[in-house]
K.L.:
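One structure is given below, represented as structure tokens, and several questions about it will come after.
Everything numeric here is computed off the predicted structure, so don't read it as measured data. In what follows, chains are A, B, ... by sequence order, proteins preceding strands, each numbered from 1.
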Amino acid sequence: MLLSSFIHCSTPSRCFPIKTCTRCCQYSTGRSVRILDTPVLLKNALTFNRSGGHGGKQQYMRLKSSRKRCFSSECDEVGHQHEHGDVRVRFAPSPTGFLHLGGLRTALYNYIYAKKYGGSFILRMEDTDQSRLVPGAAESIEDMLEWAGIPPDESPRGGGQYGPYLQSQRLSLYSQAADSLVQTGKAYHCFCSQQRLELLKREALRSGQTPRYDNRCRHLRPDQLEEKLDQKVPHVIRFRLESGVEPFNDLVFGWNRHEVAQVEGDPVVLKADGFPTYHLANVVDDHLMKVSHVLRGSEWLISTSKHLLLYRALGWKPPVFGHLPLLLNRDGSKLSKRQGDIYIQSFQRSGALPEALLDITTHCGSGFNSNRVGRKMEELITEFNPSKITTHSALLDLDKLPEFNKIHLQQRIDDAVQRDWLVRDLQVRIQEVYGTQVQDQDVLQPDYITRVLHLRKGHISSVSDLVSSEYSYLWVRPSFSDQQMTALSSETQHIATLVIRLMEGLKGGEELTVDQLSVELKTLAKKTSNTKYRDVMKIIRLALSGLQQGPSVAEMMVSLGPSEITHRFNRVLQQH
RNA sequence: UGGGAGGUCGUCUAACGGUAGGACGGCGGACUCUGGAUCCGCUGGUGGAGGUUCGAGUCCUCCCCUCCCAGCCA
């Protein structure tokens with residue numbers, strides 16, 4: 001292991017926080033730095049006061065946060081170590097809607113984090129906004145996580161030792177925390193009416209200032225407070241913001257610190273209806289559920305200092321935070337339901353494979369040592385590297401989903417157990433779509449369907465493709481008109497006979513291959529008198545499929561097999 | 001407006017201060033049946049201007065652009 005390096009910022013007038021990576025003992029600003037010729041001993045400190053010239057006052061450099069990480073590839077994160085079993089992460093959606101891609105992404109990264117570091121993945125429903133609840137949403141979210149392959153270890157449905165996992169069933173915990181804050185003077189009752197708050201907002205906007213609560217009720221005298229409580233004036237509890245916010249080291253964005261007291265009014269933590277706001281509830285629950293790491297969307301980055309103030313006020317140790325980049329709509333705004341169909345259920349219905357959906361999700365925002373299409377969950381977990389999560393917002397391009405689906409479907413076909421499942425799935429689909437049109441029950445045989453799957457793998461994005469009209473020839477005997485045939489050639493009978501003979505010649509237990517058949521078909525075409533090869537092939541295609549499009553003729557023949565081919569060409573002969 | 005986070009081909013993503021690459025998309029060519037298949041090739045990017053440096057996508061400054069937060073929503 002290296003000895004400590006000595007680092008100096010390349011711009012001497014600036015100071016910046018640094019942090020020792022406790023695992024590999026290297027220092028990192030995450031940015032390019034010069035090595036000092038003259039060593040200056042650095043302590044394991046959050047700040048670097050150069051030459052002591054600033055009177056001990058802390059200053060911070062605005063670093064490009066994407067690089068505020070350890071250089072060493074041996075270390076996955078910034079100075080964080082995990083004891084086995086210590087990691088507890090949570091996905092905490094609000095059941096005000098169904099699971100969409102943004103939620104899936106956040107859940108997925110939490111799941112991967114838990115599995116990588118031997119921890120637990122917790123699902124917690126944050127149903128504190130009772131007015132916006134959607135019935136069935138909580139159940140559906142949990143169903144969709146199961147479908148996607150990222151099941152929670154603790155959840156409303158499955159339970160766990162830190163339950164309940166519905167916030168609406170934990171209200172007394174938040175009230176107690178709020179009471180505690182009031183007792184210690186860290187929070188206070190606010191009796192301001194909604195009208196007053198509206199007025200404040202309007203005044204601020206009118207005079208070009210930032211709307212914020214003016215913290216007026218901070219200054220109520222005890223007798224005023226008592227009087228209002230006696231009169232049962234509706235009130236909320238507000239948290240008293242303070243200056244002197246400690247910096248925190250975000251897993252993704254690196255060192256951050258926001259002086260919230262200077263730009264915001266005291267936030268409500270307990271609403272008039274007795275329900276908490278997000279700020280209080282998530283702090284209380286993460287503490288009581290012993291959550292070690294909070295991975296959430298980067299829209300919360302700026303609220304983190306506020307949450308850390310709450311932790312401090314309650315005397316609790318905060319978790320490590322990591323903020324995941326925003327997913328965007330095509331117009332560039334934060335992903336939301338206004339823009340297209342982004343719900344997991346609709347992907348499920350349209351045939352997306354869960355592993356393809358997860359795979360494509362990880363390509364937006366990265367966080368892995370390498371990126372390639374087709375990774376499975378085990379690979380995602382193995383290659384996960386939080387220091388490589390990108391910080392910029394990004395568009396999750398769903399136009400790529402068919403490509404991801406195709407590759408993952410290919411992997412399923414290549415796996416014996418999953419292939420069996422696909423065969424059964426396809427059997428059901430064939431019967432649903434074609435039902436009584438199926439003339440030959442052999443098309444439902446596993447061997448036949450397996451052969452079709454192997455031939456089409458890499459070419460189809462979804463199993464349901466195979467029951468579409470372009471593949472109907474696989475399941476039902478096609479129809480075509482005699483006119484279509486004779487328009488191509490006057491030798492259709494002769495060609496049909498040639499094909500039948502070809503099939504007879506190949507019946508001796510020999511497996512058909514596409515390459516072999518291609519050669520045979522060229523030979524066959526030479527036995528016609530006045531029909532071009534191209535037209536011979538079109539006739540054969542028509543006889544086999546009734547279509548003018550589709551897989552190559554040779555592949556169609558390999559799919560159908562000699563006896564079915566013979567049958568179809570006998571029908572050509574019988575048309576006269 | 002105030003505070004914050006960002007900016008690499010059309011999209012996503014690589015590149016220890018040392019060759020700007022990959023995937024999808026797009027275009028072209030080749031295919032003795034169709035082409036939407038396959039194979040081959042090409043295209044296309046560091047937002048702009050300065051500075052530091054032997055060397056800048058990377059470090060610094062300014063400008064431009066985008067997003068997020070500033071609910072008794074989460």
Side-chain angles (χ1 to χ4, degrees), chain A residues 9-11 13-14 29 31-34 62-67 71-73 92-94 96-97 126-129 131-132 190 192 194 197 201 204-205 207-213 234-238 253 256 258-260 262-265 267-273 275-279 281-282 296-303 305 323 325-326 328 330 332-334 360 363-366 368 370-373 388 390-400 402-404 458-459 470 518 521-522 525 532-541 547-555:
Chain A
C9 175
S10 56
T11 307
S13 62
R14 301 285 182 153
T29 63
R31 306 298 291 177
S32 174
V33 295
R34 294 284 187 87
R62 294 242 180 107
L63 296 173
K64 290 279 186 177
S65 51
S66 62
R67 295 304 173 92
F71 285 122
S72 172
S73 59
S94 168
T96 51
E126 304 204 321
D127 56 347
T128 50
D129 182 2
S131 65
R132 290 204 294 168
C190 172
C192 295
Q194 290 289 354
L197 298 176
K201 182 172 181 179
L205 289 173
S207 59
Q209 294 181 324
T210 315
R212 63 193 273 200
Y213 176 57
H235 66 273
V236 300
I237 306 291
R238 284 184 191 268
F253 283 85
N256 269 271
H258 309 111
E259 279 292 347
V260 285
Q262 291 172 12
V263 298
E264 296 182 23
V268 175
V269 291
L270 201 66
K271 295 180 280 189
D273 62 1
F275 277 71
T277 62
Y278 170 76
H279 307 301
N282 97 87
R296 60 189 181 184
S298 60
E299 69 268 27
W300 291 111
L301 181 62
I302 197 150
S303 300
S305 289
H323 289 90
L326 288 185
L328 301 179
R330 284 216 178 266
S333 59
K334 176 182 164 186
I360 195 174
H363 282 255
C364 194
S366 196
F368 302 87
S370 68
N371 291 315
R372 64 188 184 281
V373 183
K388 285 185 171 290
T390 61
T391 53
H392 58 264
S393 308
L395 171 69
L396 179 51
D397 189 358
L398 293 172
D399 290 347
K400 296 180 184 180
E403 179 69 16
F404 279 82
H459 302 282
E470 66 192 292
S518 293
L521 289 169
K522 283 173 190 165
K532 291 177 182 173
Y533 172 78
R534 134 186 326 210
D535 291 328
V536 171
M537 299 305 280
K538 285 183 176 179
I539 290 166
I540 297 173
R541 177 180 295 280
L547 304 169
Q548 301 181 12
Q549 300 273 6
S552 69
V553 168
E555 187 189 317

K.L.:
Just by protein heavy atoms under 4.0 Å, how would nucleotides 69-74 of chain B read 5' to 3' in B, S and -?
P.N.:
SB-BBB

K.L.:
Calculate, to the nearest 0.5 Å, the distance between atoms OG1 and NE2 belonging to A:Thr277 and A:His279 respectively.
P.N.:
5.0 Å

K.L.:
Considering only the P atoms, how many Å lie between B:C9 and B:G2, rounded to the nearest integer?
P.N.:
29 Å

K.L.:
Can you check the distance between B:G57 and B:A49, where both ends of the measurement are the P atom (answer in whole Å)?
P.N.:
12 Å

K.L.:
Taking the nucleotide of RNA chain B with the closest heavy atom to each, which residue, A:Pro551 or A:Glu259, is nearer the 5' end?
P.N.:
A:Glu259

K.L.:
Quick check: closest heavy atoms across A:His235 and A:Ile237, and the distance to 0.1 Å?
P.N.:
CD2-CD1, 4.4 Å

K.L.:
Using 0.5 Å steps for rounding, measure from the OH atom of A:Tyr278 to the OG atom of A:Ser94.
P.N.:
11.0 Å

K.L.:
Without decimals, in angstroms, what is the distance between A:Gln262 CD and B:G3 P?
P.N.:
10 Å

K.L.:
Nearest nucleotide by nearest heavy atom, which residue falls closer to the 5' end of RNA chain B, A:His258 or A:Leu328?
P.N.:
A:His258

K.L.:
Touch check for A:Arg541, heavy atoms < 4.0 angstrom, all strands: base, sugar-phosphate only, or nothing?
P.N.:
base

K.L.:
Between B:G17 and B:A56, how far apart are the two C1' atoms, rounded to whole Å?
P.N.:
7 Å

K.L.:
Taking atom C1' in both B:C65 and B:G28, what distance in whole Å separates the two?
P.N.:
35 Å

K.L.:
Provide the closest heavy-atom pair for A:Cys364 versus A:Ala394 in the form atom of the first, atom of the second, distance.
P.N.:
SG-CB, 3.5 Å

K.L.:
Has A:Arg372 got more than 12 heavy atoms of other residues, nucleotides or ligands less than 6.0 Å from its CZ?
P.N.:
yes

K.L.:
Is the phosphate of B:A5, meaning OP1 or OP2, less than 4.0 Å from a side-chain N or O of A:Asn256?
P.N.:
yes

K.L.:
Is there a side-chain contact between A:Pro276 and A:Leu270 in this structure, where contact means two heavy atoms from C-beta onward sitting under 4.5 Å apart?
P.N.:
yes

K.L.:
Rounded to the nearest 0.5 Å, what separates atom CG in A:Leu521 from atom CD1 in A:Ile540?
P.N.:
5.0 Å

K.L.:
With a 4.5 Å heavy-atom cut-off, do A:Cys190 and A:Val268 have their side chains touching?
P.N.:
no

K.L.:
Starting at OH of A:Tyr533 and ending at P of B:U32, how long is that distance when rounded to a whole Å?
P.N.:
8 Å

K.L.:
Roughly how many Å apart are B:G45 and B:G21, using the P atom of each and rounding to a whole number?
P.N.:
12 Å

K.L.:
Any idea if B:G71 is syn or anti, going by the 90°-from-0 cut?
P.N.:
syn

K.L.:
Can you tell me, in whole Å, how much space there is between the P of B:C62 and that of B:A23?
P.N.:
39 Å

K.L.:
Give, for atom CG of A:Asp273 and atom OG of A:Ser131, the distance between the pair rounded to the nearest 0.5 Å.
P.N.:
9.0 Å

K.L.:
Grab the CG-C1' distance between A:Leu326 and B:G4 for me, whole Å please.
P.N.:
12 Å

K.L.:
Could you tell me how far apart A:Ile540 (CD1) and B:U32 (P) are, to the nearest whole angstrom?
P.N.:
16 Å

K.L.:
When the P atoms of B:A14 and B:G22 are considered, how many whole Å apart are they?
P.N.:
15 Å

K.L.:
May I ask you to verify if any side-chain N or O of A:Thr390 is less than 4.0 angstrom from the OP1 or OP2 atom of B:U13?
P.N.:
yes

K.L.:
Any protein N or O atoms within reach of nucleotides 8-11 of chain B? Criterion: under 3.5 Å, listing atom names and distances.
P.N.:
{"unit_1": "B:U11", "atom_1": "O2", "unit_2": "A:Lys400", "atom_2": "NZ", "d": "2.5"}

K.L.:
Sequence neighbours left out, what passes side chain to side chain contact (heavy atoms under 4.5 Å, CB included) with A:Thr210? Give chain and number order.
P.N.:
none

K.L.:
Between atom CD of A:Gln549 and atom CZ of A:Arg541, what is the distance when rounded to the nearest 0.5 Å?
P.N.:
7.5 Å

K.L.:
Rounded to the Å, how far apart are A:Asn371 CG and B:C12 P?
P.N.:
13 Å

K.L.:
Give each protein N/O atom lying under 3.5 Å from an N/O atom of nucleotides 19-21 of chain B, with the pair distance.
P.N.:
none

K.L.:
What nucleotide, of B:U32, B:C33, B:C68, holds the atom closest to the side chain of A:Arg534?
P.N.:
B:C33

K.L.:
Taking the P atom in each of B:U38 and B:C24, what is the distance between them to the nearest angstrom?
P.N.:
10 Å

K.L.:
Find the distance between CG (A:Asn282) and CD (A:Glu126) and round it off to the nearest 0.5 Å.
P.N.:
6.0 Å

K.L.:
CD of A:Gln548: more than 12 outside heavy atoms within 6.0 angstrom?
P.N.:
no

K.L.:
Rounded to whole angstroms, how far apart are CD on A:Glu403 and C1' on B:C12?
P.N.:
13 Å

K.L.:
Output yes when at least one side-chain N/O atom of A:Ser393 is less than 4.0 Å from OP1 or OP2 of B:U66, else no.
P.N.:
no

K.L.:
Flag the pair A:Lys271 and A:Asp129 as a salt bridge only when some basic side-chain nitrogen lies within less than 4.0 angstrom of an acidic carboxylate oxygen.
P.N.:
no

K.L.:
Measure the shortest side-chain to side-chain distance between A:Glu299 and A:Leu326 over non-hydrogen atoms and say whether it is less than 4.5 angstrom.
P.N.:
yes

K.L.:
What N/O pairs connect the protein and nucleotides 36-38 of chain B at under 3.5 Å? Give each pair on its own line.
P.N.:
{"unit_1": "B:A37", "atom_1": "O2'", "unit_2": "A:His459", "atom_2": "ND1", "d": "3.1"}

K.L.:
For RNA chain B, please output the secondary structure as dot-bracket, reading 5' to 3'. Pairs are Watson-Crick or G-U wobble, both atom distances under 3.5 Å; mark crossing pairs with [ ], other-strand partners with |, unpaired with a dot.
P.N.:
(((((((..((((....[..)))).(((((.......)))))....(((((..]....))))))))))))....

